[in-house]
Amino acid sequence: GAHFATVSLCSMPWRGHESVEVVEGAAEENRCVVPVVEAPELSGGFPGLYVSSPPPTNPWLPDGTTMVLQTTWGAGEAIVEVDVETGEVRRLTPPVNQGGGSWQLC
C-alpha cells in the first residue's frame with residue numbers, strides 16, 4: 001500500500017530456551033510461510049500481510065498449524081487464517097464492498 005509495506009511471516013524451530021549458538025545453528029530450518037506481496041494477483045485478492053495491529057497473545061487454533069491474524073485488506077481491516085504448513089491465507093471476514101466493514105481481533 002501507499003503508507004505501509006507488507007511483511008513476510010517466517011517460521012523457525014523453537015524447542016525452548018536455547019542458546020544463541022543453537023538458534024543460529026538451526027537457521028537453515030527457518031522458512032518463509034507467507035512472502036512479501038508486491039501486488040495482489042487478482043483485483044481484490046490477497047494484498048499481503050500488513051502489521052496493522054499486534055497479533056493476539058495466542059493466535060493459534062487448536063490444530064496447532066493455523067494462526068488467526070488481523071491485516072489491512074483494501075479499505076478495511078480483515079481477519080485471516082494462515083496455515084503455517086502450506087502458507088495458505090484465507091480471509092475469514094467479508095470485504096468492505098460486500099458489507100463486511102472493518103474487523104479487529106481482541
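In terms of heavy-atom proximity, Pro47 sits nearest to Pro40 at CA-CG, 3.9 Å. When all heavy atoms of Cys10 and Cys32 are compared, the pair lying nearest together is SG-CA, 4.2 Å. Contact record, Val89 with Phe46: CG1-CE1, 3.6 Å, taken as the closest heavy-atom pair. Listed here is the closest heavy atom pair of Leu69 and Val82: CD1-CG2, 4.1 Å. For Met67 against Trp60, the heavy-atom pair with the smallest separation is CG-CZ3, 3.4 Å. The minimum heavy-atom distance linking Val84 with Val33 is given by the pair CA-CG1, 3.7 Å.
Hydrophobic clustering keeps Val36 apart from Val34 (ILVMFWY residues linked when any side-chain heavy atoms are closer than 4.5 Å, directly or through intermediates).
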Run Thr72 and Glu77 through side chain to side chain donor-acceptor pair (under 3.5 Å) and show every step you take. CA-CA 4 Å; Thr72 302; Glu77 294 296 306; 2.7 Å; yes

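Atom CG of Leu9 is separated from atom CZ of Arg31 by 9.0 Å, given to the nearest 0.5 angstrom.
Looking only at distances, a side-chain donor or acceptor of Thr93 sits under 3.5 Å from a matching main-chain atom of Ile79. Between the side chain of Thr66 and the backbone N or O of Leu61, no donor-acceptor pair lies under 3.5 Å.
Residues Tyr50 and Trp73 place their aromatic rings such that the two centres sit no closer than 6.0 Å.
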